[in-house]
Each structure stands twice: as structure tokens, then as C-alpha cells.
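Below you'll find the structure, written out as C-alpha cells, and then a few comments.
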Amino acid sequence: RFYKQEYCGCSYSLRDSNLWRKNQGIPPVKIGGEVAGLGTRYFEDPEADAAEESQEVVDAFFSDAAQQFGNERLRKQFQGRHKSVAEGALNNW
């Protein structure tokens with residue numbers, strides 16, 4: 001059996017993942033237990049599991065993340081932060 005990894009560990013935090021999940025009506029990431037996201041902790045239904053991790057779902061997460069998940073407090077907190085490969089000296093994170 002393969003378990004579902006609910007949080008990828010990319011540059012977006014667990015807080016970001018849980019904000020997005022809340023906006024989508026999905027319970028927050030939970031360590032342990034038998035429930036994960038929209039179903040069980042394990043990959044059991046290929047079609048349902050594929051839909052849960054589809055390209056559309058992934059794209060929606062990153063699109064919402066770029067807008068701080070519609071959270072005004074986060075938008076203000078991160079508005080001055082940027083990352084640019086071309087201007088590495090100006091990066092502040």
C-alpha cells in the first residue's frame with residue numbers, strides 16, 4: 001500500500017497548503033490516522049486519486065498561492081518580497 005503525501009514540501013508552507021485546503025472545503029493536513037484529504041490515507045481508487053492530484057488541481061493551488069490565497073493579511077505581509085534569478089542580489093527570501 002502506498003500512502004498519500006498531503007504536503008509536498010515545496011517552497012509553499014504547510015500553512016499555505018492548509019489555507020488552500022480550507023478555501024476548497026478540504027480538511028487540513030493531518031499527521032497519522034486513516035483519513036487524508038478527500039478520502040483514505042492510502043491510494044486505493046486510481047480514478048479518484050488521479051482526480052485529487054490532477055494537473056488542474058495543482059495549477060489551481062499555485063495560481064491561488066500567487067495571490068496569497070485571497071488572504072489580505074498574507075498579501076500585506078508578503079507584498080515586498082520577491083525572488084528574481086536575474087537580480088539575485090535583490091532577493092530577500
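Owing to the predicted nature of the structure, the values given are computational and were not obtained by experimental measurement.
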Open item on the list: Count I, L, V, M, F, W, Y as connected when their side-chain heavy atoms are under 4.5 Å apart, and connections chain through other members. Are V57 and F43 then in the same cluster?
Closed with: no
Open item on the list: Starting from F62, can I reach W20 by hopping between I/L/V/M/F/W/Y residues whose side chains sit under 4.5 Å apart?
Closed with: yes
Open item on the list: Looking at every non-hydrogen atom in both residues, tell me the closest pair between R41 and V35 and how far apart they are.
Closed with: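 Result for this residue pair: NH2-O, 3.0 Å.
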Open item on the list: Give me the atom names and distance for the closest heavy-atom approach of N18 to V29.
Closed with: OD1-N, 2.7 Å
Sequence neighbours left out, what passes side-chain contact (heavy atoms from CB on, under 4.5 Å) with [X]? Give chain and number order.
X   : result
N23 : F69
E47 : D45
Q55 : V58, D59

